[in-house]
Amino acid sequence: MTRAAAARDILAIPLFAELLAEMEKTYTDACVYAAATDDGARLAAATQVRAIRELRDDLERISKEDLPKPPVKPVA
């Protein structure tokens, strides 16, 4: 199995998508509703949101690695 196929399999698992969405919402809410003076909590929650989004983006990018590229049309 290639990396791309493995990434597609992971992205096709409904529970995985549901868990990522739930985690992202939880940390986004923690960031938004952190006390105005609690910069540390806000930073930690924002860092978690970024990590979740990067994981999802990386899996989507890897899943397309072995797909054929569209032909390039010459400029007339």
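Heads up: numbering here begins at 1 and tracks the sequence.
- Minimum interatomic distance between Ala7 and Ile62 (heavy atoms only, all atoms of both residues): CB-CG2, 3.8 Å.
- The minimum heavy-atom distance between Glu60 and Ser63, with the atom names listed, is O-OG, 2.7 Å.
- Residues meeting the side-chain hydrogen bond (donor to acceptor under 3.5 Å, both in side chains) test with Thr28, sequence neighbours left out: none.
- Shortest non-hydrogen contact noted between Ala46 and Cys31 is CB-SG, 4.1 Å.
- Shown here are the side-chain contact (heavy atoms from CB on, under 4.5 Å) partners of Ala35, two or more places apart in sequence or in another chain: Thr37, Asp38.
- Residue Phe16 shares its hydrophobic cluster (ILVMFWY side chains chained together at separations under 4.5 Å) with Ile10, Leu11, Ile13, Leu15, Leu19, Leu20, Met23, Tyr27, Val49, Ile52, Leu55, Leu59.
- Legend: salt bridge (Lys or Arg N to Asp or Glu O under 4.0 Å) pairs involving residues 5-21, not counting sequence neighbours, sorted by first then second residue: Arg8-Asp66.
- Residue-environment remark: CZ (Arg61) exceeds the threshold of 12 foreign heavy atoms within 6.0 Å.
- Contacts of Asp57 classified as side-chain hydrogen bond (donor to acceptor under 3.5 Å, both in side chains), with partners at least two apart in sequence or in another chain: none.
- The side-chain hydrogen bond (donor to acceptor under 3.5 Å, both in side chains) test applied to Gln48 returns no partner, not counting sequence neighbours.
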